[in-house]
Amino acid sequence: MIWAIYFAIASLLAIGIYGVITKKNLMKIFISISIMETGVNLMLIAIGYIPGGTAPIENGDFTTYVDPLPQALVLTAIVIGVSVLALALVMVINYYEKNKTLEYRRLMKW
Amino acid sequence: MVIHPVLLIAIPLLFAFLMPLLKRAKAVTIIILLFNTLLAILMFHNVYNNGPLYEIIAFSPPIGIYLYVDNIAALLAVMINLLAFINFLSVEKVEIKFAMLYLLAVASSTGIVITGDIFNMFVFFEIAAVSSYALVAWKRDKEALEGAIKYMVLGSIASVLMLVGIAFLYSEFRSLNIYDIMNRMDEGSVLILLSFAFLLTGIGVEAEIFPLNGWVPDAYQGAAGSIASLLSFGPSKAGIYAIARLLMIFSWQQSYDLALSVGIMTLLIGELAAFRQENVKRMLAYSSIGQMGLILISLSMLDSTDYAIIAFFFLLVSHAASKGALFLLSERKGFGSNASKYAGIVSVMSLIGMPPMAGFWGKWYIIMGAMQMEAWWIIAAIVFSSVVEAAYFARYLSTTMQEEEHASIIAAYPPAIMATLTLLLGILPFIYKIATIGGVING
Amino acid sequence: MIFMYIIMGILAISIFLGAYRLLKGPSASDRAVALDALTNITTALLVLIAYLSERFIYLDVALVYAILAFVGVIAIARYLEGGL
Amino acid sequence: MIESIIAWVMALLAFIAAVYAVEAKDLLSSAISVGIASLVVSILFLMLHAPDVAITEASIGAGLTMAIFVYSIGRTERWEK
Amino acid sequence: MSSETKSIPYLAVVLLLIWLGFVYQPGISMQSFIQELFVGIIVAVAVTILTHRHFEGLGVAYFHPRRVAYFIAFFFVFLWEMVKANLNMARIVLSPELPIKPGIVKVSTSLKQPAAKLFLGNAITLTPGTLTIDYDDGGAYIHWVEVKDEDMGRAGEIIKGRFERLLRGVFS
Amino acid sequence: MIEDILHYIGMAFVFVGSLFFLLGTIGLIRMPDLYNRMQASTKTTTLGVLSFLVGVGLMELQWMIKLLIIALFVVLTAPVGASALARASYNAGIKLWEKSVVDKYKEREEK
Amino acid sequence: MRRMAGIVLAALLFACIMYAFTFVKTYDYNSSDYYYTDPIEGGKVNETVTGHYIENTKNETGAINAVTAIVVEYRGFDTLGEVTVLFTASTGVSMLLYSLHQRRKRREANLILKEGSKIVLPFILLTGAYIFIHGHLTPGGGFPGGSVIASGFLLMMVAYPKYFLKESRVSITESVAGMIFVLIGMLGLVFASYFLENFLSLGDVGRLFSAGIIPIIYIAIGFKVGAELSGIMNNLKGVEE
């Protein structure tokens, strides 16, 4: 099971970086970044997974729990992701108002 | 007297939250920055006399988070808060949102420097980055937006890569405390190497090192003068300090070599690119990149020579102060009043590395260190870059000296104060003493 | 246990049929319909996972999902008819 | 074992949705695909026994992210050229 | 005091009931249940205060036993219709030649209150084969998979079935 | 004893629910136009969810209350989304299937 | 060219991450390989970080949900930072959209959506309140609860062209909630010894009124997150005068 999730993580990250590099459309770029963020969140959780463990909420008689720390980190990361996404898209709206296009050609220019 | 470094972060956050209710944005911000500066100086005094300071938050580390303040962190905290205070004086029209974002950027840069936990550092990086995005776009014109968007794309990718690095690091050590990780670090497994690579890439975006600094010229060009100044002494300095800590965590020869080669590339490319620029802010931005390369070179010698740490101190402080002054001046066409002229000339001299200034001592000690290591090509690179720097700054001075533009006193004095700081730091043996007595970058 | 495998097989086929409509659907509305169908399947799947893990509290996820899933569809719908 | 079936199905679905989100010419369809990817990931979170994260991802991914995308598409343009 | 202002406390009661459903856990102790009840009352009242203004003009009336009875009847009729229609839909989907005859018909309704219209529309939507698209003053526009009759009255009789009568009982 | 019987009934409900999912998605593939797809998919899968939830509730009786609340939420929200999407698609210009027999909605007076 | 570069880099990243995963060891939080060193005292301690959380969450914080305990107590400082990121983003959004208010003709929704969202709204708010009040007992907490509440207001904004939240109320809510968070942290500094340390009694573990400051902070976070996300949505919709 864990390898399925590893596959999902790696593909989400790879597809995200592919999108960021190849696309010129700003909305697409930020969509790709949000996909990458999803991937990395999944990655942290997968690293905290312990086979046979259950959620670290201790009501009931369980013996093994998964690692709670990455879950707390991912909670943080998800909210950071959504707030950065909102700010980014608002900037895209501003950019569109000024230029009447979503194409952004200067990204690769160093 | 007990000093709580956490107040350096908590107070600005509290007042940033309260700003919409308080309304008097300018006065409140100035008071808080002043308070922070004083607190940081007090903290520095304490650390300088009594050794490193801890502040546990909620639970003792590594179960909880703690702040760890050693000499250099305290000095950086003083520097960031003091320069932020001076810089804020130059802003004439303060809106509430501007003040909020400014406070958050300052507080988070301080946080990056004094935190002792790697994920906490990531969170502060995010605050710094998000507030910088908004501040860069503050003018809302075409240039500002383009710069902000470029910064944002690279910054978001950087945050993802940093998280990947943290994930690998965590999977190896199952702890997030920097000191704990450093203690348990032995020969690098694949995961640790990968995590180093990802973390370096992630932080490198913020610290403006070579292949990742595409955003720098655009963002600095788009931002207003005071904001560009804030970026150059706030988040980016915190970022380079984070890289220093990273190098201390992963202290292998290979990582120092990597830092050295990246540093030299950054230095040369930055200075050469600055030479080609017409736009003043762009030129200053590229020059910043070059200086970051210089700082990185000094970091890469940490393991081999004692001069490195002194050079690091000098370069960091002098570059922050003088670049801050120049960015403030870049808002206007020419220097205008005498105070501005003085500020411009002193800052430029410090950046080039003229003898009495702090910048000179930075370069001097790097060269000393390189001579000790017998790495002549480092010296060659530094000398060459200084020549290039001298060339384009001469051109800069020759154009700006001629043009006169009347500036109000409020706009003229902050850069002059910053320049005076550079001058004083060069003349007084203050930094040298700190660096030789307690200059150990701890994790 | 074999029962759960059958259920899972049926759900997997349904999910892939939904994904096919997502890829194929000529208009964005068709994709939104696919999303709607997939959210329903997801709610069921969340409950199924809670059942398989034998934890009552996992149902909260399904609860939140059940009441919020339609907000996204409605946002798309309002965009399509120009009411946003 | 039964979990690994769900996991592989979900991983494949995440892959499909992500590829489609990046490649589609219609940005609205991209946003829908991102929504599906986040839904899938929320199931995976629950399978990895992280209900807190799953609940957060569900509540943010289901409505808010989609709405942010749709609003900004509404204020810019829908088709990628 | 109109019937609508009277109905507001019932909103709080319904919310409190749902809250109790939320907090019920296997093996919950009496003491925590009392604490939950206490907090539940606060939350239900707060949410009611926050949202009651949306319920004015909606036509949600207070709970009379007769209404509740009608509502339960409506619910079961609805469930039964739903299952029946779903089986019908299964037949359509699975038969190879796809025996459908779709179209949008208009159905008039005598229901006045928005809430009643909403429940009628939702009931129609949830029975597969029919889908409420829009309401206007004259009635509802309904997409129908097998159009049996295009006329407003007879189509309405087939689609609305017993729903309308029961709903009138609930809301009048 | 009685719990065993309920457990088997619950399994039957779960099975029926997943069959409804399958039906819904087959309808999603087979139907010719958007509105018919919606008819087949959203509603059928909604009944699928209900049946599934009740089934799990019967298998694990203590969970029944919360599952019923989830079912209530699904019933409350699903038709709203479907109806809004249908109207929006019509207004956005998505045509009915060409073999449709009647379209009264086209003749309405636009407000 | 660009496409090739993208494919190559993506493949490289994919391979790199998959390769790295082959080295990820299964974690056993009782194993001595992961015993930590104490950064302040120095020297190894005979427990792992995760082991500590799992063993001691109930006694030290009074919360059943270890994730909540970590988010609010053990690593509460991260959470403060995270709330600040959201706050910064919402400030940035309102700043950037300030000049872009536009009047648009928006089509009314149909009756079912209008009345349906009125009916659903209280339930969404109730769910959100349930999620963030029960953060220490069940999954969830301030962030999901806040975003559920924001989704409720979002639903109204989507359904009604003329529905807007009052800017001032949103900003007062976020200011006050943020202030409560920081002040509770400072009270920890005053009444206990550390910032954000618990200074209330832990109560009976497992009850609603337990776990000291955790529910209070989570409620504050819930309000703050809810206000900020709804504020962002409000601004995105475009404020009408």
Side-chain angles (χ1 to χ4, degrees), chain E residues 17-27 75 78-79 82-83 85-87 89-96 98 100-107 118-119 121-147 149-152 155, chain F residues 16 19-20 22-33 35-36 38-44 46-48 50-51 60-66 68-69 72-73 75-76 78-91 96-97 99-109 111:
Chain E
L17 285 178
I18 289 191
W19 173 270
L20 292 182
F22 278 160
V23 301
Y24 171 76
Q25 284 196 3
F75 185 71
F78 161 63
L79 270 188
M82 194 169 163
V83 172
N86 260 303
L87 293 177
M89 185 48 89
R91 184 181 57 79
I92 293 174
V93 168
L94 291 181
S95 60
L98 218 60
I100 57 174
K101 203 175 138 207
I104 298 179
V105 296
K106 187 170 183 184
V107 169
L118 170 70
F119 272 83
N122 278 0
I124 290 171
T125 307
L126 272 177
T127 35
T130 49
L131 170 65
T132 319
I133 291 183
D134 201 356
Y135 267 102
D136 68 7
D137 303 333
Y141 295 94
I142 290 168
H143 184 266
W144 199 359
V145 172
E146 301 175 282
V147 177
D149 209 317
E150 294 182 20
D151 179 69
M152 209 153 140
Chain F
V16 170
L19 275 189
F20 274 124
L22 191 60
L23 277 177
T25 40
I26 289 175
L28 191 64
I29 299 296
R30 285 199 66 197
M31 286 293 191
D33 77 337
Y35 305 96
N36 289 314
M38 226 163 190
Q39 297 275 16
S41 78
T42 15
K43 271 70 66 54
T44 317
T46 306
L47 187 69
L50 296 187
S51 166
E60 198 76 45
L61 281 175
Q62 298 259 313
W63 295 18
M64 198 59 167
I65 295 178
K66 197 164 257 185
L68 283 181
I69 290 177
L72 171 73
F73 284 174
V75 172
L76 218 55
V80 177
S83 168
L85 188 58
R87 177 181 186 253
S89 311
Y90 195 98
N91 286 335
L96 287 180
W97 189 35
K99 286 184 196 156
S100 302
V101 287
V102 57
D103 186 358
K104 288 269 175 60
Y105 195 51
K106 201 160 59 183
E107 301 150 16
R108 81 198 189 283
E109 67 278 23
K111 273 178 282 187

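Chain letters run A, B, ... following the sequence lines, proteins first and then strands; every chain starts at 1.
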Hey, does the side chain of E:Thr132 reach the backbone of E:Ile124 with a donor-acceptor pair shorter than 3.5 angstrom? no
Tell me every residue that passes side-chain hydrogen bond (donor to acceptor under 3.5 Å, both in side chains) with F:Thr46, counting only those two or more places apart in sequence or in another chain. none
Applying a strict 4.5 Å limit to non-hydrogen atoms, the region of F:Leu47 in contact with chain E is both
Name the member of F:Asn36, F:Val75, F:Thr44 that forms the most heavy-atom pairs with chain E at distances under 4.5 Å. F:Asn36
Roughly how far, to the nearest 0.5 Å, is the NZ atom of F:Lys66 from the CD atom of F:Glu60? 14.0 Å
Given 3.5 Å as the limit, does a donor-acceptor pair link the side chain of F:Tyr90 with the main chain of F:Tyr35, or not? no
Side-chain touch E:Leu20/E:Tyr24, heavy atoms, less than 4.5 angstrom: no
Top of E:Ile92, E:Ile18, E:Asn86 for chain F proximity - count of heavy-atom pairs under 4.5 angstrom: E:Asn86
When F:Gln39, F:Arg30, F:Lys43 are compared by non-hydrogen pairs under 4.5 Å with chain E, the top option: F:Gln39
Across all chains, not counting sequence neighbours, the side chain to side chain contact (heavy atoms under 4.5 Å, CB included) partners of E:Ala85 are E:Thr127, E:Pro128
Quick one: what part of F:Ile29 sits under 4.5 Å from any heavy atom of chain E, side chain, backbone, both or neither? neither
Any idea which of E:Gly121, E:Ala123, E:Ser95 has the most non-hydrogen atom pairs under 4.5 angstrom with chain F? E:Ser95
Please classify the contact of F:Leu72 with chain E as side chain, backbone, both or neither, using a heavy-atom distance under 4.5 Å. side chain
